Trainee: 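Just passing along the structure, written as structure tokens.
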Amino acid sequence: MKKIILICSMIAIFATNCKTNEKNADSNDKPLQGTTWQLTHLYCEEIDAPIITPTLIFNEDGGLSGELGCNTFFGNYNVHKDRVTLNYMGSTKKLCNHMELEKKYATALKDNITQYVIVNNILVLKSKNKEVMRFKAQ
């Protein structure tokens, strides 16, 4: 009986996917490049208000940077229409208290991101049509 409950719970978790309203794109949305994006959700879970909010910046030259929380990171990206690939290259190595969110965010940045959508100044990064990260424009 415990196995059945466990299996049903797992199916419910994996069957649930974050929903993003992709139909109401606004021409006043911030652009992908040059905007500081503030992390709000990781794998469909809203993040608690950290001391330093993790960010993501897509630079005009193809560079990628931002705050993990305690450390900063860098890398590069490629974008074509609604497709994007991230190449997380590294970060600073400071040791701070409460680094759980930082570790999860760094892992998500290394996920196989393939798509993005911006709706109402919300950026959603996806892997295989499933939401990985959600940001709001600063």
Side-chain angles (χ1 to χ4, degrees):
M1 184 65 168
K2 288 181 182 178
K3 286 183 181 181
I4 292 172
I5 293 171
L6 178 62
I7 291 170
C8 290
S9 298
M10 291 178 70
I11 290 171
I13 290 170
F14 291 115
T16 305
N17 192 9
C18 300
K19 298 295 181 193
T20 304
N21 185 355
E22 298 180 15
K23 295 180 182 176
N24 296 329
D26 185 350
S27 63
N28 293 324
D29 282 335
K30 298 278 187 178
L32 178 69
Q33 297 173 324
T35 301
T36 298
W37 297 100
Q38 180 179 330
L39 184 68
T40 61
H41 293 76
L42 269 176
Y43 300 102
C44 300
E45 291 184 24
E46 188 172 2
I47 63 167
D48 294 329
I51 294 171
I52 299 173
T53 302
T55 60
L56 177 62
I57 302 169
F58 293 87
N59 299 312
E60 300 285 335
D61 64 358
L64 187 68
S65 62
E67 295 282 340
L68 291 170
C70 173
N71 291 287
T72 58
F73 71 91
F74 57 93
N76 54 49
Y77 70 97
N78 289 307
V79 66
H80 180 71
K81 296 185 181 180
D82 67 341
R83 297 275 186 209
V84 66
T85 54
L86 308 182
N87 182 20
Y88 177 94
M89 296 175 74
S91 70
T92 57
K93 303 291 182 194
K94 294 185 281 184
L95 183 59
C96 301
N97 292 327
H98 311 292
M99 294 186 67
E100 297 83 18
L101 174 59
E102 179 163 327
K103 290 175 185 175
K104 289 178 185 177
Y105 182 37
T107 299
L109 287 166
K110 297 173 192 172
D111 206 334
N112 185 26
I113 304 299
T114 56
Q115 291 177 281
Y116 79 95
V117 63
I118 299 172
V119 177
N120 299 323
N121 286 316
I122 301 294
L123 167 66
V124 177
L125 297 179
K126 300 178 179 183
S127 176
K128 301 176 186 168
N129 290 321
K130 292 186 180 182
E131 183 176 317
V132 176
M133 294 174 275
R134 186 181 299 192
F135 302 83
K136 69 178 179 179
Q138 285 187 324

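Heavy atoms only: backbone and side chains are in, while hydrogens, waters and symmetry mates are out. Given the structure is predicted, the values throughout are model-derived calculations rather than measurements.
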Trainee: Applying side chain to side chain contact (heavy atoms under 4.5 Å, CB included) to R83 and T114, what does each step give before you reach the verdict?
Mentor: CA-CA 6 Å; R83 297 275 186 209; T114 56; 4.2 Å; yes
Trainee: May I have all residue pairs that pass ring pair (Phe, Tyr, Trp, His ring centres under 6.0 Å) and include part of residues 29-52, sequence neighbours excluded?
Mentor: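 Sorted pair list comes back empty.
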Trainee: By the rule that ILVMFWY residues connect when side-chain heavy atoms come within less than 4.5 angstrom, directly or transitively, which residues belong alongside L95?
Mentor: M99
Trainee: If you group Ile, Leu, Val, Met, Phe, Trp and Tyr by side-chain heavy-atom gaps below 4.5 Å, do I47 and I113 land in one group?
Mentor: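 Both belong to a single hydrophobic cluster.
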Trainee: Please name all residues satisfying side-chain contact (heavy atoms from CB on, under 4.5 Å) with K104, sequence neighbours left out, ordered by chain then number.
Mentor: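 L42.
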Trainee: Between NZ of K30 and OG1 of T36, what distance do you get to the nearest 0.5 Å?
Mentor: 9.5 Å
Trainee: Is L32 linked to F73 within one hydrophobic cluster, defined over Ile, Leu, Val, Met, Phe, Trp and Tyr using a side-chain heavy-atom separation of less than 4.5 Å?
Mentor: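 Yes, L32 and F73 fall within the same hydrophobic cluster.
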Trainee: Give the table of side-chain donor-acceptor pairs shorter than 3.5 Å for residues 50-71, with sequence neighbours excluded, one pair per line with atom names and distance.
Mentor:
unit_1: T55; atom_1: OG1; unit_2: E67; atom_2: N; d: 3.0
unit_1: N59; atom_1: ND2; unit_2: G63; atom_2: O; d: 3.4
unit_1: D61; atom_1: OD1; unit_2: G63; atom_2: N; d: 2.9
unit_1: N71; atom_1: OD1; unit_2: T92; atom_2: OG1; d: 2.8
unit_1: N71; atom_1: OD1; unit_2: K93; atom_2: N; d: 3.4
unit_1: N71; atom_1: OD1; unit_2: K94; atom_2: N; d: 2.6
unit_1: N71; atom_1: ND2; unit_2: K94; atom_2: O; d: 3.0
unit_1: N71; atom_1: ND2; unit_2: E102; atom_2: OE2; d: 2.6

Trainee: V79 and Y88: same hydrophobic cluster, using ILVMFWY side-chain contacts below 4.5 Å?
Mentor: yes
Trainee: When rounded to the nearest 0.5 angstrom, what is the spacing between CE in M133 and CG in L86?
Mentor: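 Atom-to-atom, M133:CE and L86:CG are 6.0 Å apart.
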Trainee: Quick one: does any side-chain atom of D82 pair with a main-chain N or O of Y116 as donor and acceptor, under 3.5 Å?
Mentor: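 Side chain of D82 to backbone of Y116, a donor-acceptor pair under 3.5 Å: no, none is there.
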Trainee: Using the side chain to side chain donor-acceptor pair (under 3.5 Å) criterion, which residues pair with Y77? Sequence neighbours excluded.
Mentor: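 Testing Y77 for side chain to side chain donor-acceptor pair (under 3.5 Å), a comparison that skips the adjacent residues, returns Q33.
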Trainee: Nearest 0.5 Å please: distance from the CD1 atom of I122 over to the CG atom of D29.
Mentor: 9.0 Å
Trainee: For L123 and T35, what are the C-alpha separation, side-chain angles and deciding distance, and is it a side chain to side chain contact (heavy atoms under 4.5 Å, CB included)?
Mentor: CA-CA 10 Å; L123 167 66; T35 301; over 6 Å; no
Trainee: Among residues at least two apart in sequence or on other chains, which ones pass side chain to side chain donor-acceptor pair (under 3.5 Å) with N87?
Mentor: N76
Trainee: Mind checking side-chain contact (heavy atoms from CB on, under 4.5 Å) for T107 and listing every partner two or more places apart, or none if nothing turns up?
Mentor: none
Trainee: Got a second to check how far K126's NZ is from R134's CZ, nearest 0.5 Å?
Mentor: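 Those atoms lie 9.5 Å apart.
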Trainee: Could you tell me whether the side chain of H80 reaches within less than 4.5 Å of the side chain of T85, counting heavy atoms only?
Mentor: no
